[in-house]
Each structure stands twice: as C-alpha cells, then as structure tokens.
Protein chains: 2
Amino acid sequence: MTNKYLTIYNTIVEQIKSGEILPQTLLPSENELTEHFQTSRETIRKALNLLSQNGYIQKVRGKGSIVIDVSKFDFPVSGLVSFKELGQKMGRKPRTIVNELELMKPDGYIRQQLQLSGKDQVWKVVRTREIGGEKIILDKDFLNKKFVPELTEEICADSIYEYLEEDLNLTISFAKKEIVVEEPTDEDRALLDLDGFHNIVVIKNLVYLDDASLFQYTESRHRPDKFRFVDFARRTN
Amino acid sequence: MTNKYLTIYNTIVEQIKSGEILPQTLLPSENELTEHFQTSRETIRKALNLLSQNGYIQKVRGKGSIVIDVSKFDFPVSGLVSFKELGQKMGRKPRTIVNELELMKPDGYIRQQLQLSGKDQVWKVVRTREIGGEKIILDKDFLNKKFVPELTEEICADSIYEYLEEDLNLTISFAKKEIVVEEPTDEDRALLDLDGFHNIVVIKNLVYLDDASLFQYTESRHRPDKFRFVDFARRTN
DNA sequence: GAGTGGTCTAGACCACGGA
DNA sequence: CCGTGGTCTAGACCACTCT
C-alpha cells in the first residue's frame with residue numbers, strides 16, 4: 001500500500017509518457033482531479049507539485065497545469081548516479097579495476113573536506129572504470145572509517161554503495177557536487193587511457209548520510225570526451 | 001505582505017547562517033514551531049520542506065530536523081545564473097563584446113532543438129565575455145523571433161534577460177542544461193583567449209517560458225580553467 | 001464574474017525512533 | 001511508551017487569468 005499522492009503522481013506520469021495526455025495541453029483542474037481521484041485537494045496538489053519538480057508540468061496561476069514535452073530522452077533530474085547504473089544505461093559491459101585499497105590517516109585536504117580530526121582514519125579506494133575496453137573514469141573515494149569498519153577488494157570491485165546500503169544499512173541521503181576541469185595528473189595518465197587528451201573533468205562529491213553526517217569524499221575523474229552531465233533547473237521564485 | 005511560510009523559512013535561514021542554530025543540532029519540533037510562530041503545522045511543514053530542499057536541514061522521521069553545515073561558501077542550488085550576476089559574484093568588472101547579431105533561418109540543429117518549422121526565424125547572438133581583461137566565455141544564443149520581435153546591439157551588450165523580463169514581460173521559468181567538454185572550434189579560438197588550452201566546456205541550455213513554451217537555445221562556451229559548477233543533489237526517494 | 005492555482009487552518013491517523 | 005515527522009482531510013480565503 002503506497003501513498004495516495006504517489007500513486008496519483010505515477011498515474012499521471014504514465015499518462016504523459018504514453019501520450020494519453022499531450023504536451024502543451026492543460027491537465028484537468030485541481031478540483032476536477034480531486035473528484036476524479038476521490039481525494040482532497042491538498043493531496044492532488046502534492047502530486048502536482050511532484051510532477052512540476054520533476055519537469056512534467058508547469059503550473060500557472062489562474063490558468064492551469066501545462067504538460068511539458070518530455071519526448072527527448074530525459075534522465076531524471078540530476079542525482080547520484082552510480083557507475084553501475086551508468087554502464088547499464090550506456091548498454092556497455094563496464095569493468096572495475098581496484099588499484100588501491102588502504103586504511104590511512106587523512107591528509108590535510110581530505111581532513112578538511114570530511115571535517116575530521118587528526119586521529120580519525122579513512123579508507124582510501126582508487127578504482128579504474130573501463131567501458132568498451134577503454135579506461136575512462138578514475139574514482140578516488142575516501143570513506144570515514146567510523147561508518148565503514150571493514151572494506152574488501154571484492155566489495156570495491158562490485159559496488160561500494162550496494163554494500164553500504166544492503167549490508168551496513170547506511171542510507172545515502174544527498175551529495176554536494178562540484179564540477180571542474182583540470183590538467184591530468186601523473187596518476188591520471190598512468191591509470192587511464194588518455195592519449196591525446198589534455199584535460200580531465202573532475203566531479204567532487206561530498207556524500208552525506210541519512211542523519212546528515214558527512215561520511216565520504218569522492219573524486220570522479222572523467223576523460224572529457226565521455227563526460228556528460230544533465231541537469232534540470234527550475235527557477236527559484 | 002509576503003507569505004507566512006516564506007517569512008518563517010527566511011527567519012530560520014538567518015538563524016542558521018548567523019550560527020544561532022548550530023550544525024548537527026535539532027531544530028525545534030514541528031509542533032513547537034507551530035506554537036512559536038502561531039500558525040498551523042502544515043505551514044511550518046512548508047517552510048521546513050523548503051529548508052530541506054535548499055540544503056539547510058535534513059528531516060528524519062521519528063527524530064527531528066537536523067541542521068546541516070552550510071559554512072563553506074555555497075551558492076544557492078544550481079540555477080540559471082546570468083553572466084552579469086556571475087561577474088558581480090567574482091568581484092570583477094565584466095565586459096561584453098557583441099560579435100554577431102542577426103535574424104536568420106535556423107539550421108537543422110537549431111530547428112530541432114527549438115522544435116521550429118522551416119519558416120520560423122531566430123535571432124542569432126554571439127557574444128564574448130571578458131573578465132579581468134581575458135576573453136573567457138563565448139555565448140551563442142538563438143532566440144525564437146515569435147517571442148522577441150526586436151533586438152539591438154545595445155540590449156545584447158547589456159543584458160538580454162533584463163530586456164526580456166522588464167521590457168517584454170516574458171518570464172523565464174526553467175531550463176534544461178547539459179554540460180559537455182569539446183575541442184575548441186576555429187570560432188572559439190578566434191574569439192577567446194585560448195592559448196594553451198585544448199578543451200572547452202560547453203553548457204547547452206534550453207530555456208522555457210512561463211507557459212512552458214520553448215523559446216531559446218544557448219551555448220555557453222567556457223575556458224576550462226575558469227569553469228566551475230556547483231550542484232546540490234538530494235536523493236529522490 | 002467564473003474558474004484557476006496559492007496559501008492557510010485545525011484536526012486526524014499513521015510510521016518510526018528512542019528511552 | 002511518547003514524541004517525532006509523514007500523510008490526508010474538508011473547508012476557507014486570496015491572487016490571478018480569461019472572456
């Protein structure tokens with residue numbers, strides 16, 4: 001038994017995706033939907049707000065809710081995309097190589113990012129991601145040992161996130177992301193297939209848990225030709 | 001006279017920013033806030049949801065709302081940032097050079113992006129953005145003539161957005177953004193200071209109006225060393 | 001003026017966390 | 001168990017658009 005507003009949301013999403021409701025047309029009014037779904041108006045509004053946040057409709061006061069064209073393949077709004085999902089989306093067999101796995105004292109930069117004291121320890125994981133036979137992404141993870149007491153090469157070769165969520169019962173909640181372009185380091189050149197590329201796209205992530213504690217710093221270093229980031233920005237009124 | 005939930009939101013934001021409420025502590029419960037602000041719980045919840053969406057708090061069921069550390073300079077959640085704002089934020093005197101301004105028939109790519117027919121016309125605007133004496137950004141805009149009948153070099157040198165919103169009364173509502181890294185074109189090399197740079201960061205924007213009509217396609221081409229994108233991604237549960 | 005979405009209320013029940 | 005946040009209701013008034 002799921003939420004009422006979520007089922008309404010999903011119903012309408014399906015209608016939009018299937019073309020049952022056409023782009024540029026108006027959704028039934030909130031009052032009509034209230035009757036149709038036999039619920040209260042606030043519940044309908046919750047569903048509509050979700051649709052709006054996810055780019056399916058645009059609400060206009062005094063007019064109605066306009067359906068937006070979602071025909072071109074949209075990913076969902078930018079979020080945490082794991083490497084595994086990414087590979088599946090691209091229809092390629094990804095491969096992960098674990099280059100480094102160690103428990104260490106964080107250096108100054110990591111300590112600052114993760115707001116650690118000198119005594120804390122972190123897991124350092126360096127992994128190469130291979131897609132279609134080419135080494136394209138270098139992932140450097142630093143995980144606070146306080147939350148992840150143990151880590152093995154097998155886990156890292158598979159998916160750290162699955163291990164965290166399924167075995168350790170940690171819930172990743174959100175991340176602050178920063179994207180910059182840098183010159184490749186020697187490490188980048190050694191571990192990635194960078195012939196002829198002079199820049200590298202670095203995505204720095206600070207990952208927070210459920211309870212708002214900061215537990216991981218990640219740098220995902222991408223070869224520029226294989227990098228793509230999609231975002232959906234709604235004007236903040 | 002502004003909204004009640006917005007004033008509550010702003011009040012709490014100020015308290016967090018000023019350090020009156022400390023990171024990692026709990027906000028008063030929704031019931032307590034309801035009493036304190038003399039309002040209903042749903043109104044408090046609206047304010048708290050805004051706080052959560054903007055990264056100030058993390059709500060945890062059965063526990064409360066945890067205040068997140070926002071000390072490191074955060075921009076607001078990624079949005080539409082105009083060049084003028086960007087320059088002001090960086091404390092530099094920006095300069096805009098209009099390289100090209102013409103009314104044209106869109107080519108195939110633009111026609112597809114803006115979903116135009118062959119008969120529609122678009123304004124093409126090419127502008128160079130100079131910060132601190134260096135030409136760093138190349139902006140290429142294509143605006144549907146249907147919405148913008150007239151455009152002058154003066155407007156382009158100042159701010160197109162201000163003209164649209166203040167004079168034409170158009171309301172920009174949201175944008176779909178895509179970030180990729182490309183090799184510089186001859187045009188990039190001619191119009192930007194690119195000595196020694198081998199890549200260019202391209203931000204492609206589809207800009208929609210108030211009523212969900214698609215009216216502008218923009219490419220903002222940045223020198224990689226001056227590019228930075230910050231995002232705040234909340235897990236979609 | 002009729003109809004739309006935006007805000008606000010006062011109350012109810014539920015799911016979850018912690019003591 | 002109590003207190004927390006999550007959902008839902010039925011009703012009210014307002015601001016806006018369209019005709």
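In this text, all values refer to a predicted model and were calculated from it rather than measured experimentally. Protein chains get the first letters and strands the later ones, always in sequence-line order, with residue 1 at the start of each.
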Q: Please tell me which of A/R61 and A/K46 maps to the more 5' nucleotide of DNA chain D, matching each residue to the nucleotide holding its nearest heavy atom.
A: A/K46

Q: Please list all pairs passing the ring pair (Phe, Tyr, Trp, His ring centres under 6.0 Å) test where one or both residues lie in residues 105-125 of chain B, with sequence neighbours left out.
A: B/Y109-B/Y217

Q) In Å, rounded to the nearest 0.5 Å, how long is the span from CG of B/L33 to CZ of B/R45? A) 12.0 Å

(Q) I'd like to check A/Y5 versus A/T39 (side-chain heavy atoms, cut-off strictly below 4.5 Å). Are they in contact? (A) no

Q: With rounding to the nearest 0.5 Å, note down the distance linking CD in A/Q121 to NZ in A/K105.
A: 6.5 Å

Q.
Distance under 4.0 Å to a non-hydrogen atom of chain B counts as contact; along DNA chain D, which nucleotides mark the start and end?
A. D/dG3 to D/dC8

Q. Hey, is A/D120 close enough to A/K146 for a salt bridge, meaning N to O under 4.0 Å?
A. no

Q: Could you tell me whether the side chain of B/V122 reaches within less than 4.5 Å of the side chain of B/L143, counting heavy atoms only?
A: no

Q | Atom pair CZ (B/R111) and NZ (B/K119), whose distance is rounded to the nearest 0.5 Å | A | 12.0 Å

Q.
Can you work out whether B/K63 or A/G62 has the more 5'-proximal nearest nucleotide on DNA chain C?
A. A/G62

Q) To the nearest 0.5 Å, what is the distance between CG (B/L27) and CD (B/Q15)? A) 8.0 Å

Q: Under 4.0 Å from any atom of DNA chain C, heavy atoms only: list the residues of residues 33-45 of chain B that qualify, in numerical order.
A: B/T39, B/S40, B/R41, B/E42, B/T43

